[in-house]
Amino acid sequence: MKSLSSWELVRKGRIVPNTTKNALETSLKKLVAQKPLDKITINDITSDCGISRMSFYYHFKDIYDLVEWCCVEDGKRALQGKKTYDTWQEGVCQIFEAVMENKTFILNVYRCVGRGKVERYLHKLTYQLIVGVVDEKCIQADLRQEDRVFIAEFYKYGFVGVMLDWIEGGMRDDYEKIVEMMSITLRGCITTSIHNFQELRHSDNKI
């Protein structure tokens, strides 16, 4: 039985809005399972899903722009609001799960495009998670926005570094154990960082 193209799936309502982007994503991931990313062309993708090159360029400037969009969208779906102090560990675990579910795709991007592309994707994703936690803990704290951003950025790099090492190792290690160790390491750290900045700014105001 002939399989339906991505665009046919869109027309039949099996792919919902954003329809064109979703169709392009589906075709890209299908093709990545068949050959290296650097061997895939825009024509390959558009031919597979029945969408014109003009439509592709309306949404994305190149394949790597599509790759980044796919990664970020997968991450957003994985997080689904898990950006509070009580749920951040679950959020991190779901990011690991999203990467694992797209293992072939992520490893292909990592090996063909480079660590930098995956790193940028993870930076965006983990920052969204951590800044949500920081903002929640700052509800009762008079902390400057630049301090909140610095705290979120600082912990973001730790999260991403651990995840990149895991990806580079072929995702063989148990990510649930990794998340547990991260949780133990970071327990109370964000709260302490916020308190330390408050103390610093309070002292500055006294001078």
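These values consider heavy atoms only, across backbone and side chains, with no hydrogens, waters or symmetry-generated copies. If you're wondering where the values come from, they're calculated on a predicted model, not measured in any experiment.
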Colleague: Kindly write out the residues that satisfy salt bridge (Lys or Arg N to Asp or Glu O under 4.0 Å) with Glu119, not counting sequence neighbours, or none if the list is empty.
Modeller: none
Colleague: Between Val179 and Glu176, is any pair of side-chain heavy atoms under 4.5 Å apart?
Modeller: no
Colleague: Are the charged groups of Lys29 and Glu25 less than 4.0 angstrom apart, N to O?
Modeller: yes
Colleague: Return the OG to CG distance between Ser27 and Asn22, rounded to the nearest 0.5 Å.
Modeller: 11.0 Å
Colleague: Between CE of Met163 and CD1 of Ile167, what distance do you get to the nearest 0.5 Å?
Modeller: 5.5 Å
Colleague: To the closest 0.5 Å, what do you measure between CG (Leu129) and CD (Glu90)?
Modeller: 11.0 Å
Colleague: Taking all heavy atoms of Thr46 and all of Ser52, pick out the closest pair and write down the distance.
Modeller: CG2-O, 3.9 Å
Colleague: Just so I know, are the side chains of Ser193 and Phe150 near enough to count as touching, which here means a heavy-atom distance under 4.5 Å?
Modeller: no
Colleague: Side chain of Asn108, backbone of Leu37: donor and acceptor closer than 3.5 Å?
Modeller: yes
Colleague: Any ion pair linking Lys156 and Glu153 (charged N to carboxylate O, less than 4.0 Å)?
Modeller: yes
Colleague: Please name the pair of heavy atoms, one in Cys49 and one in Leu24, separated by the smallest distance, quoted to 0.1 Å.
Modeller: SG-CD2, 3.7 Å
Colleague: Distance-only, no hydrogens or angles: does the Tyr155 side chain make a donor-acceptor pair with backbone N or O of Cys189 under 3.5 Å?
Modeller: yes
Colleague: How close do Phe105 and Val32 get, heavy atom to heavy atom, and via which atoms?
Modeller: CA-CG1, 3.8 Å
Colleague: Pair Lys35, Asp44 - check salt bridge (Lys or Arg N to Asp or Glu O under 4.0 Å), show working.
Modeller: CA-CA 11 Å; Lys35 56 183 177 180; Asp44 290 335; 3.2 Å; yes
Colleague: Are any of the side-chain heavy atoms of Val109 and Tyr121 separated by less than 4.5 Å?
Modeller: no
Colleague: Which label fits Phe96 and Trp166: parallel for a plane angle under 30°, tilted from 30 to 60°, or perpendicular past 60°?
Modeller: perpendicular
Colleague: Grab the two heavy atoms, one from Asp62 and one from Ile42, that are nearest each other, plus how far apart they are.
Modeller: CA-CD1, 4.5 Å
Colleague: Please walk me through it: do Val118 and Cys71 pass side chain to side chain contact (heavy atoms under 4.5 Å, CB included)?
Modeller: CA-CA 8 Å; Val118 176; Cys71 290; over 6 Å; no
Colleague: Which atoms form the tightest heavy-atom contact between Gln198 and Leu143, and what is the distance?
Modeller: N-CD1, 3.9 Å
Colleague: Counting only heavy atoms not in Arg111, do more than 12 sit closer than 6.0 Å to its CZ atom?
Modeller: no
Colleague: Is there a side-chain contact between Met171 and Leu107, using heavy atoms and a 4.5 Å cut-off?
Modeller: yes
Colleague: What do you reckon, is NZ of Lys103 surrounded by more than 12 foreign heavy atoms closer than 6.0 Å?
Modeller: yes
Colleague: Check salt bridge (Lys or Arg N to Asp or Glu O under 4.0 Å) between Asp173 and all other residues, then give those that pass, not counting sequence neighbours.
Modeller: none
Colleague: Using a strict threshold of under 4.0 Å (side-chain N to carboxylate O), is an ion pair present between Lys124 and Glu68?
Modeller: yes
Colleague: Within a reach of under 6.0 Å around CE of Met100, are more than 12 heavy atoms found that belong to other residues, nucleotides or ligands?
Modeller: yes
Colleague: Less than 4.5 Å apart, side chain to side chain, heavy atoms only: is that true for Ile63 and Ile45?
Modeller: yes
